[in-house]
Amino acid sequence: MKKPALALMFLLLMAGTVAADENGGGSEGEASFGGLAAFGVGLVFTGVAYYSLTKRRLIIEHRKGSPQIVVRPERPYITVFGPVYPMTVHHAFTVTGTLLALIHFATCRDYSTLAGKAGLGMAIVLILMNISGFYGRYIHVKLEMAARKKQSGKLKRLAVLLRRWKLFHVALAGLFLILLGIHIAAVGD
Ligand code: HEM
Ligand code: HEM
């Protein structure tokens, strides 16, 4: 993994543990570190939103360069200059967010409640999303190589595979949102 992505993940992990500092607690069978999970889910959302917005140049655009933020009165309003690509931000934020949420998940001893089942579902979906994410990046790299080498047959095949992969990746994100809604409603009862 690239050094900037690792450095970003380390920084976020530290920020997460400081921001959501608590001593565990939680009665028997119940999960602790809910604050850490909330911070982790916040990171996942930020990582998805940043990639999604910059990709479409909606509100924010991202350019390579020394770090600074420029705000203008016309679209896309905000230009963020940074040393990493938006995909690296997506990658680092979603992986770190997943790790923080899994700490909360691992402290639960009773997965039979509605909140527990939704939590178990989210943990599985998060792990699948991360694995699928790395596979998607792999297809992206293969596709770029095929484009550079002008291998049109391979390019077409990879483009179809990428479209299918993306559908799967985004569908999992939708499923995660539904489970999160159920989880929050159930723990709030
Ligand atoms: C916004 C994010 C989240 C918040 C605020 C949150 C909060 C909570 C709270 C308050 C509890 C009950 C603990 C208690 O009563 O002591 C709980 C339980 C649990 N959470 Fe989360 N959670 C979040 C995300 C997640 C995620 C992403 C997962 C899975 C990766 C997860 C898995 C679990 C599990 C398995 C339990 C145990 C079920 C139970 O206690 O009945 N949570 N969560
Ligand atoms: C909890 C974890 C994750 C969630 C919820 C998530 C969610 C999403 C969503 C919603 C998109 C579509 C964005 C858009 O087009 O507007 C996306 C795109 C993408 N994600 Fe993830 N993702 C996660 C983890 C990862 C990881 C770990 C990687 C691997 C490094 C990854 C790689 C990608 C790639 C390559 C795309 C771009 C597809 C494209 O624009 O062609 N994702 N992700």
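Here the structure is a predicted model, which is why all the values come from computation and not from measurement. When a ligand or atom number is given, it counts from 1 through the structure's own listing order. Index from 1, following the sequence.
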- [ ] For a side chain to side chain contact (heavy atoms under 4.5 Å, CB included) with L172, tell me which candidate from L128, L126, I124 qualifies.
- [x] L128

Task: Contact check: T98 vs ligand 2, nitrogen or oxygen atoms, below 3.5 angstrom - done: no

TODO: Could you check atom 36 (C) of ligand 2 against the protein and tell me its nearest heavy-atom contact, residue, atom and distance included?
DONE: M87 CE, 3.3 Å

TODO: Give, for atom NZ of K55 and atom CD1 of I60, the distance between the pair rounded to the nearest 0.5 Å.
DONE: 15.5 Å

Open item on the list: Looking at T94 and H91, would you say the former's side chain and the latter's main chain have a donor-acceptor pair under 3.5 Å?
Closed with: yes

Open item on the list: If the cut-off is 4.0 Å to any non-hydrogen atom of V44, which atoms of ligand 2 fall inside it?
Closed with: 1 (C), 5 (C)

TODO: State, with a plain yes or no, whether a side-chain heavy atom of K117 is found less than 4.5 Å away from one of L179.
DONE: no

Task: Side-chain touch L120/F105, heavy atoms, less than 4.5 angstrom - done: yes

Task: R109 side chain to A106 backbone, donor-acceptor under 3.5 Å - done: yes

Open item on the list: Is there a polar contact between ligand 2 and W165, counting only N or O atoms under 3.5 Å apart?
Closed with: no

Open item on the list: Suppose we measure from atom 30 (C) of ligand 2 to each protein heavy atom; which comes out shortest, and what is that distance?
Closed with: R137 CD, 3.1 Å

Open item on the list: I need the minimum non-hydrogen distance between I139 and L158, along with the two atoms involved.
Closed with: CG2-O, 4.0 Å

- [ ] Could you tell me the separation between the CZ atom of F176 and the CE atom of M122, rounded to the nearest 0.5 Å?
- [x] 5.5 Å

Open item on the list: Just verifying a value: how many Å separate L102 CG and T107 OG1, rounded to the nearest 0.5 Å?
Closed with: 11.0 Å

Task: Distance from atom 12 (C) of ligand 2 to nearest protein heavy atom, with residue and atom - done: V170 CG2, 3.8 Å

Task: Under-4.0 Å heavy-atom contact with ligand 2, by part of L172 that carries it - done: neither

Open item on the list: So L143 and L161, do their side chains get closer than 4.5 Å, heavy atoms only?
Closed with: no

- [ ] For atom 15 (O) of ligand 2, find the nearest protein heavy atom and state the residue, atom name and distance (0.1 Å precision).
- [x] K55 NZ, 2.9 Å

Task: Nearest-0.5 Å distance, CG of residue L162 to NE2 of residue H140 - done: 4.5 Å

Task: Distance filter under 4.0 Å to T113 heavy atoms, resulting ligand 1 atoms - done: 38 (C), 39 (C), 41 (O)

Open item on the list: When you compare ligand 2 with N130, is there at least one nitrogen or oxygen pair between them that comes in under 3.5 angstrom?
Closed with: no

Task: contact_flag F134 ligand 2 heavy-atom lt 4.0 Å - done: yes

TODO: Pull out every atom of ligand 1 sitting under 4.0 Å from any heavy atom of F105, numbered as shown with elements.
DONE: 29 (C), 30 (C), 35 (C)

TODO: Starting from atom 14 (C) of ligand 2, locate the nearest protein heavy atom and write down its residue, its atom name and how far away it is, to 0.1 Å.
DONE: S52 OG, 3.4 Å

Task: Proximal ligand 1 atoms for A101, defined as those under 4.0 Å from one of its heavy atoms - done: 27 (C)

TODO: Pick, from F39, Y111, F45, the option with the minimum heavy-atom distance to atom 35 (C) of ligand 1.
DONE: Y111

- [ ] Please determine if H183 has a nitrogen or oxygen closer than 3.5 Å to a nitrogen or oxygen of ligand 1.
- [x] yes

Under 3.5 Å, side-chain donor or acceptor atoms of residues 33-54 against the rest of the protein: list the pairs with distances, not counting sequence neighbours.
{"residue": "T46", "atom": "OG1", "partner": "G42", "partner atom": "O", "Å": "2.6"}
{"residue": "Y50", "atom": "OH", "partner": "H62", "partner atom": "ND1", "Å": "2.6"}
{"residue": "S52", "atom": "OG", "partner": "R56", "partner atom": "NH1", "Å": "3.1"}
{"residue": "T54", "atom": "OG1", "partner": "Y50", "partner atom": "O", "Å": "2.6"}
{"residue": "T54", "atom": "OG1", "partner": "Y51", "partner atom": "O", "Å": "3.2"}

- [ ] Name the closest protein heavy atom to atom 41 (O) of ligand 2, giving the residue it belongs to and the distance to 0.1 Å.
- [x] H140 NE2, 3.0 Å

Task: Side-chain hydrophobic cluster, 4.5 Å single linkage: members besides M145 - done: V141

- [ ] Identify, by atom number and element, the atoms of ligand 2 in contact range of V95, meaning under 4.0 Å from any of its heavy atoms.
- [x] 27 (C)

Open item on the list: I need the protein N, O or S atoms closer than 2.8 Å to atom 21 (Fe) of ligand 2, given as residue plus atom name.
Closed with: H90 NE2, H169 NE2

Task: Between CZ on residue R57 and OG1 on residue T79, distance to nearest 0.5 Å - done: 7.5 Å

Task: Summary of side-chain hydrogen bond (donor to acceptor under 3.5 Å, both in side chains) pairs that have at least one residue in residues 159-185, sequence neighbours excluded - done: S132-H169

Open item on the list: Heavy atoms only: which of G121, G119, A37 lies closest to atom 29 (C) of ligand 1?
Closed with: G119

Open item on the list: As an exercise, state the distance from CD of E61 to CZ of F81, rounded to the nearest 0.5 Å.
Closed with: 7.0 Å

Open item on the list: Does ligand 1 come near enough to H104 that some N or O of the ligand is less than 3.5 Å from an N or O of the residue?
Closed with: yes

Open item on the list: Grouping I, L, V, M, F, W and Y whenever their side-chain heavy atoms are under 4.5 Å apart, do I69 and L58 come out in a common cluster?
Closed with: yes

- [ ] For R56, counting its heavy atoms only, list the atoms of ligand 2 lying under 4.0 Å from any of them.
- [x] 14 (C), 15 (O), 16 (O)

Open item on the list: Within the 4.0 Å heavy-atom shell around A123, which atoms of ligand 1 are there?
Closed with: 29 (C), 30 (C)

Open item on the list: So if I count the atoms of ligand 2 from 1 in the order they appear, which ones are less than 4.0 Å from some heavy atom of L126?
Closed with: 1 (C)

